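For reference, the structure discussed in these notes is given below.
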There are 2 protein chains.
Amino acid sequence: MSEYFDKSLRSCHDCQCMSSLFCLLTNEELQLVDRNKIHVNFRAGETIKKQGTFMSHVLSVNSGLAKLYIEGLEGRSAILRIVKPTSFIGGPGIYFDQRHHYTITALVDSSVCFIDLQVFKELLKSNRSFEDEFLRDFSRDVLTVYNRLIYLTQKQMPGRMADALLYLHDEIFQQLKFPMILSRFDLADLSAMSRESAVKVLRDFQKEGLIRISDHELELTDEDALRKISRIG
Amino acid sequence: MSEYFDKSLRSCHDCQCMSSLFCLLTNEELQLVDRNKIHVNFRAGETIKKQGTFMSHVLSVNSGLAKLYIEGLEGRSAILRIVKPTSFIGGPGIYFDQRHHYTITALVDSSVCFIDLQVFKELLKSNRSFEDEFLRDFSRDVLTVYNRLIYLTQKQMPGRMADALLYLHDEIFQQLKFPMILSRFDLADLSAMSRESAVKVLRDFQKEGLIRISDHELELTDEDALRKISRIG
DNA sequence: ACTTAATATTGATATATGTCAACCAAAAAC
DNA sequence: GTTTTTGGTTGACATATATCAATATTAAGT
């Protein structure tokens, strides 16, 4: 039997990679999730969810990595955040209009659970601590976007790129050396600049010895200097 | 007796200007709000709430107008929205860290109710439709910030300024001619540009007959053209 | 009414950033 | 293996935007 199918048969109770949110559910509630979820594997580059579509399910990323971005004007995009395993994707559409307000694309092969929205909402209503924790996570995401708004509009390119790289370090990999999952295009979308400008800023960083890029790996060789660039904008 | 004191004695039940949210409360719940609120009047220019402070209360704006902004880098600010009467101010701090994540300043003389945060949270828990409506409002605000992120980073100055003016028309005054409550500084903070640039863009708009400014009033004389400028960025 | 301070205006200039075009390298398709 | 495509790189150039400095205007204080 293929691994693809095998994973989709595994129940939530045995799942090592469910969102920490679901730890707050009772056994019965977790069974409810189990019966109302769909598990799907995605290849790198595939679109997991498209902005504007009806939110029939909320998502939980079990393994892999994805980019979550808003499709803006004239084909340009703004990456809001990178989604890493065990994290949960809902967004304001849950409460507002039952729509997805951003597109999510797999950066590497990823496995995702789709949980029925109505079932999810019932859980929010029936389990208070689950709801509290969910709203806490949601609010943290909102604050991240507030921060992004500030630094994207008030810093200039080197500061924005430094922030993007430090974000990957601090929030995603927690290591100075990590795989280059993002193309220059993606880095540009993450730091609100043109693709060519992203290339140039990265080259400057390399020349000054702040980073090293080789074989699909990126290394922050002078983290302190990057933090300083981030600070002075 | 001064009007100041008179207003603070009036109970929520008689209040013509409470947030529509509170219509969902029962009489008993409204009494609870009444007993746990403080009413304060502010003069134009006064700070109603300062970013970073402990969120002991949530706010409800009864009359007047205020600007809600994030204090960013080097004294610069980003106005998130203009707060008009009958609207409610909470923000992600309610669920995340019990802090205010933006500063609110009165643009004109304003009257504001401060409602105890713990009492407010109890109401969210005890009254389901109240919570639903609150979360819906919250989510709408979040979406507005997402939109702002996109247009502030992807449009250039004329488009951003047109958006700012149309925002005032669409969301705040609903009239083509309205009082100029915002200084050029404020308009700059609302459209993410320098104060001098704001002046120049507005002058260009005036020269082209898109707007007229006189005696603290601003008139959108060519709304269609402004919408076009907004669209093409 | 006078003085002071805050805001608004303007043009000159510097700088940041985007765009264009050409080219290269690596990966994917055939 | 060759071709095609995609992503990456680079420099020249155009443009958007900020900054600076000087001045005008308006509001606020006394």
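On a predicted model such as this, the values are computed, not experimentally measured, just so you know. A, B, ... follow the sequence lines: proteins, then strands. Residue 1 opens every chain.
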Between CG of Leu202(A) and P of dT10(D) the distance, given in whole Å, is 11 Å
Got a salt bridge between Asp189(B) and Arg195(B), using NZ or NE/NH1/NH2 to carboxylate O under 4.0 Å? yes
Could you measure the distance from the OG1 atom of Thr153(B) to the CZ atom of Arg160(A)? Nearest 0.5 Å is fine. 9.0 Å
Between CD of Gln156(A) and P of dA18(D) the distance, given in whole Å, is 10 Å
Of the listed dA21(D), dA8(C), dA18(D), the closest approach to the Val199(B) side chain comes from dA8(C)
Using only side-chain N and O atoms of Arg184(B), determine if any of them is under 4.0 Å from OP1 or OP2 of dT9(C). yes
Arg203(B) near the nucleic acid: base, sugar-phosphate alone, or nothing, with a heavy-atom cut-off under 4.0 Å? sugar-phosphate
Measure the distance from CZ on Arg43(A) to P on dA27(C) and round it to the nearest whole Å. 18 Å
Presence of donor-acceptor pair under 3.5 Å, side chain of Lys200(B) and base of dT19(D): yes
For dT17(C), does either OP1 or OP2 sit under 4.0 Å from a side-chain N or O belonging to Ser194(A)? no
Met161(A) CE - dA16(C) C1' separation (whole Å): 15 Å
Which of these nucleotides, dA18(D), dT9(D), dG18(C), is closest to any side-chain atom of Met193(A)? dG18(C)
With sugar-phosphate meaning primed atoms plus P, OP1 and OP2, does Arg76(A) contact a base, only sugar-phosphate, or nothing at under 4.0 Å between heavy atoms? nothing
In whole Å, I'd like the distance from the CD atom of Gln154(B) to the C1' atom of dA16(D). 16 Å
How close or far is atom P of dT19(C) from atom CE of Met157(A), stated in whole angstroms? 12 Å
Looking at Arg195(B), I'd like to know whether one of its side-chain N or O atoms comes within less than 4.0 Å of OP1 or OP2 on dA18(D). no
Ignoring hydrogens and angles, state whether a donor on the side chain of Lys49(A) or Thr105(A) is under 3.5 Å from an acceptor on the partner side chain. no
Report the distance from atom CD of Glu196(A) to atom P of dA22(C), rounded to the nearest whole Å. 14 Å
Under 4.0 Å, counting only non-hydrogen atoms across every strand here, what does Ser183(B) touch: a base, just sugar-phosphate, or nothing? sugar-phosphate
Write down the distance between CE (Met180(B)) and P (dT25(D)), rounded to a whole number of angstrom. 18 Å
Cationic N near anionic O, under 4.0 Å, Arg227(A) to Glu223(A): yes
Is the phosphate of dT17(D), meaning OP1 or OP2, less than 4.0 Å from a side-chain N or O of Ser197(B)? no
For His216(B) and dT26(D), is the shortest distance between a side-chain N/O and OP1 or OP2 below 4.0 Å? no
Report yes if the distance between the aromatic ring centroids of Phe138(A) and Phe138(B) is under 6.0 Å, otherwise no. yes
Nearest to the side chain of Arg160(A), heavy atoms from C-beta on, is which of dA21(D), dT17(C), dA8(C)? dT17(C)
